[in-house]
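For reference, the structure discussed in these notes is given below.
Whatever order the structure lists them in is the order used to number ligands and atoms, beginning at 1. Quick note: residue numbers are just sequence positions, from 1.
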Amino acid sequence: MDRRDQIVGQNIAIWEKGRAALPYLLLFTGIFLTLSLGSFTIAENGVEANLFGRLGHYLSWGFLYLFGNASFVPGIMLILTGGILLAKPAQDVTNKLLTIPLFLLAVAVSLNVFGNVSTVPFASNGGVLGQALAVALEYLLGSTGRLLIHFVVYFYGILVYLNESPVHFLGRLLAQSGRDWKEQWLSGYMSGRTKKEEEIPNYEPAFGKTKSTDWSKGLSGMMNSIPSWKETNTEVSEENVPPWFRREISGPSSEKQNPVKTPTNLESYIQKAKGNSKPAELKESNVQYRNSGLLQGFFEDDRKIFQFQTASSRLVEKVYGVPERKEEVLAASSKKAWEILDLRSETSTLTSFVEEEVLHAVPETEEFEEEIRPFVSNKEIIEEVSAEEEELQEEGEEFEEWTEEEDSLDELENSEEEYEEEIEESEEPTVVVEAEPIVIPSTLLAPPVGTPTAAPEKKQEKPKQSELPFTPVSMVPVFRSKRSVYHIPLNRLKSNPTKVQDALFKVESEKVAFEIENALKVYGYEAKVVGWERGPIITRYELTPPPGVKLGRITSLTDELRMYLAVKNIRIVAPIPGKSTIGIEVPNKHREDVFLGDILRSSLAPKPKKDLNIVIGKDISGKLVSIDLNKLPHLLVAGTTGSGKSVCLNAMIASLVLNLSPEEVRFIMIDPKMVELTLFEDIPHLLMPVIKDARKATKSLSWVIQEMEARYEAVSQLKCRDFRSYNEKVEEHYHKEGYNKMPYLVVFIDELADLMMVSGKDLEDAITRISQKSRAVGIHLVMATQRPSVDVITGLIKANCPARIAFHVAQKTDSKIILDMNGAESLLGKGDMLYKSPTSADLARIQAPFISEEEIEKIVEEAKKYGAPTYVEFDLEEETESESAEEMDEELFDKAWEIVRTDRKASASYLQRRLKIGYNRAARIMELMEERGYVSPILGSKGREILRSA
Ligand SMILES: Nc1ncnc2c1ncn2[C@@H]1O[C@H](COP(=O)(O)OP(=O)(O)OP(=O)(O)O)[C@@H](O)[C@H]1O
């Protein structure tokens, strides 16, 4: 660690202490100022009368003279800010304090403008400065300008005080008013049009009146074919909405503001045409969807129908794109009344049903076929839209699109007039509409209709909903950040103020090196310490091995050396990988804790941002070691209780939260211990609330499997090899087609053993499936366990997690399970660990960084400012039958054990009688007891033995 870091660290420590005293300082100053001013009197005994004596009197004098009664402002604001800081100690009040002079001056000017009279003569009208400022402002800006400008200062001050960026606030305001304007403009036009239609008694849509070759006849026919569609539920949930539509979503308010009821209009035309006195009404949906001004509308009928309210002229042209019918195209786009699109798949049984209905409505099959041919498939529409978007982007401004539409409006109004004329001329509609209105199913948007198969009973069939004709994508809900730039300040993290001085260390190391040489001499080996490397908690001494001595002999001297050096533990590495020396790792006398804050600050130097890069600590030479979770791709952590697993996991999560926004990474946290990961509850990166129940853990992992499959599907659709190239492609081009970038997904499990105990096989299966496949789609597992036994870290799990971290473990066998070699048993605990990378057989000894709970809380608090977490829609509570049975067994377990223990009878039939339960259940409970080591397996005729006494 260099000197600069040291100074920074010290400064931060001083700052932290100062911060704790800040609220009291603010409160005291505020009270002092307010009371001094309140007790100020101009009379002779002013000093005596003032509650804060001479200082209070003269200070108040100065303030009142300069700012008049506005002088009370700083005191009151200081009290307010101090109170806020006391209630929320982590708040940054710098902005609040900076607004005090602003408000002081603004109030002083206000007092002058509105003529404040004070009992203290020189304090009237905002004091000398208030008067001077007011006069200067009036001279420069006139009285109106003065009034306005000082109100602007209030406005600005209030925003800054509330920690709101005035620029962002104005931006949002402008954006909102722009949207409102656009919608009002649209609704004004559309309502005008509706009125017109109502005024003309015989008004019929043009497409209902034109000759039989008109495309709209097919439409009208179809509109009359499927009555049930419009009667179904119109509530729209965001779930499963194709990403294409999801890109801009406005809430219900905008929908209300916009009185466009296109389908109703369209239907009413058809109702009128067939003389139906009971016009059907389509309910409006709540949520409006847009795609960059190209189209706008809302979902109906349980997301099966997308009702367009607006669409760009090119999209319209594509759908109706027969050049000879240009007027119609224009008319259609102007009315925005044609746009009803069914999103059902083309394979549904509906196809023949609709075809048949259409042909029923339109007798001339050939003509009808011609009518519907111009409709294009959804895929083509999407392509067209993307082309349209590209073009728009080239043109630069979305606004131009609206201007264009405005221009075309005039044209369209003309064409509407033409239609009206046509209506008058026309005597009879050529299309005989017989059935109820329907919407256009997508089945008709694709290929021409084949020969119908008349089957009237099919009319009663409920249309089957199949998959939406859009790309299946990640189920991770989109996170919308409250702020534009994601940044969590590192000053929230501590630094280590106690660094061991090099000089001190040199003396210590020389002494230890001498002792090592002596100890080996005692056992008859002439070895020389040739150097050492100092880490934060251990130092590795390098020795040249005595010639002709087997290395095993030296390593077998571990205990002897430990005793000779009087240290807790030593570890001998023979030979040091890549060197011709032996390493003896000896604990330092003075431990130097590694703080996450220090690490992140020292690694702040600009370097390419690796996606899931995590600094996991300092190695024995004090160098930072980082891992890229993306490459591992999963990590297994093991160690006895108190060895530092949870702190390590917390540090990993914290560094990810500090580096990556919720748009870039999401977490699922499983914490059966209920105390470790819950600290991160409610951070926006979470996909589910922190899971504390082992049963829910398995369910959440099954969700991860589904997500993994969906991601694979999406990745293969864009013909990408992995998730990264998918994200690149989406960023470059495919976002225009509605594809969303996928965030990394990291699943943290603290205490795998607890989970394996409850749902062993299921959990193992889920973990194996995820770990085998998920690497390519950005899903990673980080699992920690206290008990590195073969039933927890099974062969399958081990095989799929080549990257492992071992903290201190109780025995060599545990070390072998986790690392496939000895070593972890000689670690020192408290974050001392061995890391086995997937690419190398050698172990790296690392000191994990420390992060305290308070630091985590501060980070969490900062992260929460970016928004609340958007959880996946997934019911973790839902219970399967077998699960509830297991739960009941679990409930009975304690009772059963009490009976077995006191009666000394471990048999299922005995439990059956005592607990009045079925035999199967009793046998299951006995098996549970066996699994948990309470009773032995059945020992032939002797039955089971009771293994525990309590
Ligand atoms: N990197 C570290 N640096 C310094 N001290 C540490 C470090 N990691 C852990 N400790 C100390 O060890 C204690 C136990 O750590 P931790 O809670 O992470 O253990 P654990 O392995 O998760 O234990 P358990 O499995 O019982 O939860 C901590 O309270 C802390 O004081």
Side-chain angles (χ1 to χ4, degrees), residues 1 9 493-500 535-538 568-569 587-600 602-603 614-620 622-627 635-655 669-680 690 692 694 748-757 782-789 792-793 804-811 814-815 817-819 824-825 827-835 844-857 859:
M1 187 130 323
L493 294 170
K494 270 190 208 157
S495 73
N496 186 4
T498 53
K499 305 254 178 216
V500 180
I537 59 161
I538 57 135
K568 198 174 148 200
N569 250 328
N588 294 342
K589 244 197 186 94
H590 303 280
R591 231 187 116 90
E592 219 179 80
D593 278 330
V594 176
F595 284 86
L596 186 69
D598 285 339
I599 285 188
L600 293 176
S602 60
S603 60
I614 306 170
V615 182
I616 53 166
K618 281 188 180 175
D619 69 6
I620 45 161
K623 276 196 244 113
L624 294 179
V625 183
S626 61
I627 52 171
L635 185 63
L636 205 52
V637 182
T640 51
T641 176
S643 56
K645 297 178 304 294
S646 307
V647 170
C648 172
L649 238 57
N650 285 342
M652 284 185 193
I653 300 171
S655 33
M669 296 185 189
I670 301 172
D671 179 17
K673 285 199 285 189
M674 298 191 198
V675 285
E676 303 293 353
L677 301 179
T678 35
L679 291 172
F680 291 96
V690 176
K692 297 158 201 153
F748 291 94
I749 303 177
D750 194 3
E751 210 33 78
L752 188 60
D754 280 4
L755 300 186
M756 288 299 265
M757 209 162 76
V782 179
M783 299 171 281
T785 181
Q786 224 178 63
R787 204 151 53 84
S789 55
V792 176
I793 304 179
R804 299 181 214 142
I805 287 178
F807 287 91
H808 174 68
V809 291
Q811 304 145 12
D814 291 344
S815 177
I817 291 173
I818 179 85
L819 297 173
E825 73 286 353
L827 294 175
L828 301 172
K830 288 194 168 188
D832 186 17
M833 68 183 194
L834 286 171
Y835 170 64
R845 189 156 182 185
I846 294 164
Q847 172 60 29
F850 181 77
I851 183 167
S852 66
E853 283 182 20
E854 300 86 73
E855 288 172 286
I856 296 175
E857 275 160 17
I859 293 173

Practice item. Could you pull out every protein residue that has a heavy atom closer than 4.0 Å to ligand 1, ordered by chain and then number? Key: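 Ligand 1 pocket, heavy atoms under 4.0 Å: Arg591, Asp593, Thr640, Thr641, Gly642, Ser643, Gly644, Lys645, Ser646, Val647, Lys673, Glu676, Gln786, Lys830, Gly831, Gln847, Ala848, Pro849, Phe850.
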Point to revise | Heavy-atom pair with the smallest gap, counting every atom of Asp750 and Ala784 | key: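 Of all heavy-atom pairs spanning Asp750 and Ala784, the closest is OD1-CB, 3.8 Å.
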Review point. Are more than 12 heavy atoms from other residues, nucleotides or ligands located less than 6.0 Å from atom NZ of Lys673?
Key: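 Buried by this count: over 12 neighbours within 6.0 Å.
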Review point. Do you know which of Arg591, Arg845, His808 makes side-chain hydrogen bond (donor to acceptor under 3.5 Å, both in side chains) with Asp832?
Key: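 Testing Asp832 for a side-chain hydrogen bond (donor to acceptor under 3.5 Å, both in side chains) against Arg591, Arg845, His808 leaves exactly one candidate, Arg845.
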**Study point:** Rounded distance (nearest 0.5 Å) linking atom OG1 of Thr678 with atom CG of Asp671
**Key:**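 Between atom OG1 of Thr678 and atom CG of Asp671 there are 5.5 Å.
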Exercise for review: Answer yes or no: is there a side-chain heavy-atom contact under 4.5 Å between Leu679 and Ile653?
Suggested key: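 No - every pair of side-chain heavy atoms lies 4.5 Å or more apart.
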Practice item. Determine, step by step, whether Thr785 and Met756 satisfy the side-chain contact (heavy atoms from CB on, under 4.5 Å) criterion, reporting the C-alpha distance in whole Å, the side-chain angles of both residues, the deciding distance to 0.1 Å, and the verdict. Key: CA-CA 10 Å; Thr785 181; Met756 288 299 265; over 6 Å; no
